[in-house]
Amino acid sequence: MIVIGTAGFPVLAQLPGARPELLPPDRAFRLSARAVDRDTLEVRFDIAQGYYMYRDRMSFRVEPVAAGAADLPKGERKHDAFFGDVDVYRGEVVLRVPLASPAAAGEALTLFAQSQGCADAGVCYPPNPQQIRLKVPAAGARAGDFVEARSGGLFN
Amino acid sequence: MRRRSFLAIAAGALAAGAAGGYVAWRSLEADRRDAAALLALTLPDLAGREQAISQWKGKLLLVNFWATWCGPCREEMPNFVRVQAANASNGLQIVGIAVDQPDKVRQFANELGINYPILLGGYGAIELSRALGNTVGALPFTVVVDRHGKVVFTHLGALHEPRLGELLQGWLSAA
């Protein structure tokens with residue numbers, strides 16, 4: 001009888017209610033950023049375990065100062081049946097976005113980020129546009145603190 | 001006494017699982033949701049013509065939310081092409097709602113030779129899928145509406161053979 005009871009668990013484990021819940025995108029892919037100095041922003045993604053982001057689907061824009069090309073670190077090579085060999089990020093990713101011209105000390109900037117990722121469980125999240133308000137440090141001051149992206153964006 | 005009822009529950013769960021309790025469980029869950037929002041929807045097809053979802057009422061309607069940027073969606077779709085071809089005369093109607101840009105959708109639909117209607121939902125279609133139970137807003141997401149207009153199944157993630165075929169046979173053979 002006990003054997004029947006324990007044999008029931010593998011069946012129960014397959015029920016969707018017993019599956020680990022998938023995370024909403026703003027928890028699977030946590031975005032934060034800071035202004036390092038008048039020329040540079042630093043962007044950080046904390047990617048939950050079991051999730052990944054596409055390197056070539058990240059883009060950044062800054063207002064009112066224009067941004068240069070983001071310095072995207074090398075990712076992990078992943079072979080995708082449809083997209084071929086793609087670079088993906090897992091865990092923590094930190095990258096720098098240079099400003100095309102120096103911002104004023106203390107200036108308020110808005111970073112617009114677009115990114116997209118998937119879960120190893122076999123689902124993908126839509127391209128996620130997010131924004132973060134940052135303040136450029138005063139002349140000679142240390143880099144600003146990381147600011148988290150607001151949740152509740154268009155697709156969060 | 002306590003031990004006996006636990007065993008009865010465990011044995012019941014085992015029997016239910018073996019007899020397709022998985023489907024029954026999903027149905028209970030999905031029944032609470034309303035297919036009305038889905039059936040009231042009108043979206044443009046790939047030729048730009050507005051198509052009302054309600055035109056397929058009375059069929060077993062499988063609505064698949066997908067996108068070209070979603071690898072698991074692209075992998076899953078040939079399964080839908082196969083089951084649509086095999087079950088068209090049995091009253092199965094698959095409809096794809098693309099959460100994507102029209103030009104990318106058209107190109108992929110042509111490459112794959114999709115044999116069921118693809119409607120252009122845009123990114124806003126994610127919100128519709130949320131209302132149908134896709135709480136995290138990921139893809140692929142599939143909803144099945146039975147001939148009576150009731151949501152009988154929702155699933156986040158790809159559906160593959162043989163499970164897809166088995167599920168469909170169950171609903172198609174139901175009155």
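The basis for the numbers below is simple: all heavy atoms, side chains too, and nothing from hydrogens, waters or symmetry mates. All chains are named by letter (A, B, ...) in the order of the sequence lines, taking the proteins before the strands, and each is independently numbered beginning at 1.
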Count I, L, V, M, F, W, Y as connected when their side-chain heavy atoms are under 4.5 Å apart, and connections chain through other members. Are [X] and [Y] then in the same cluster?
X        : Y        : answer
A:Val97  : A:Phe146 : no
A:Met53  : B:Tyr123 : yes
A:Val65  : A:Val36  : no
A:Val147 : A:Phe60  : yes
B:Leu112 : B:Val105 : yes

Any side-chain heavy atom of A:Pro126 within less than 4.5 Å of one from B:Ile126? yes

Considering only heavy atoms, give the residues of residues 88-100 of chain B separated from chain A by less than 4.5 Å, sorted numerically, with 'none' for an empty result. none

Strictly less than 4.5 Å between heavy atoms, which residues of residues 61-84 of chain B line up against chain A? Please order them by number.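 Listed by number, the contacting residues are B:Thr68, B:Trp69, B:Cys70, B:Gly71, B:Pro72, B:Arg74, B:Glu75.
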
Above 12 or not: heavy atoms from other molecules or residues under 6.0 Å from CD of B:Glu50? yes

Less than 4.5 Å to any heavy atom of chain B: does that hold for the side chain of A:Arg27, its backbone, both, or neither? neither

A:Tyr125/B:Val136 under side chain to side chain contact (heavy atoms under 4.5 Å, CB included): CA gap, chis, key distance, verdict: CA-CA 8 Å; A:Tyr125 295 83; B:Val136 300; 4.2 Å; yes

A:Val123 and B:Pro140: which non-hydrogen atoms are nearest, and at how many Å? CA-CD, 4.5 Å

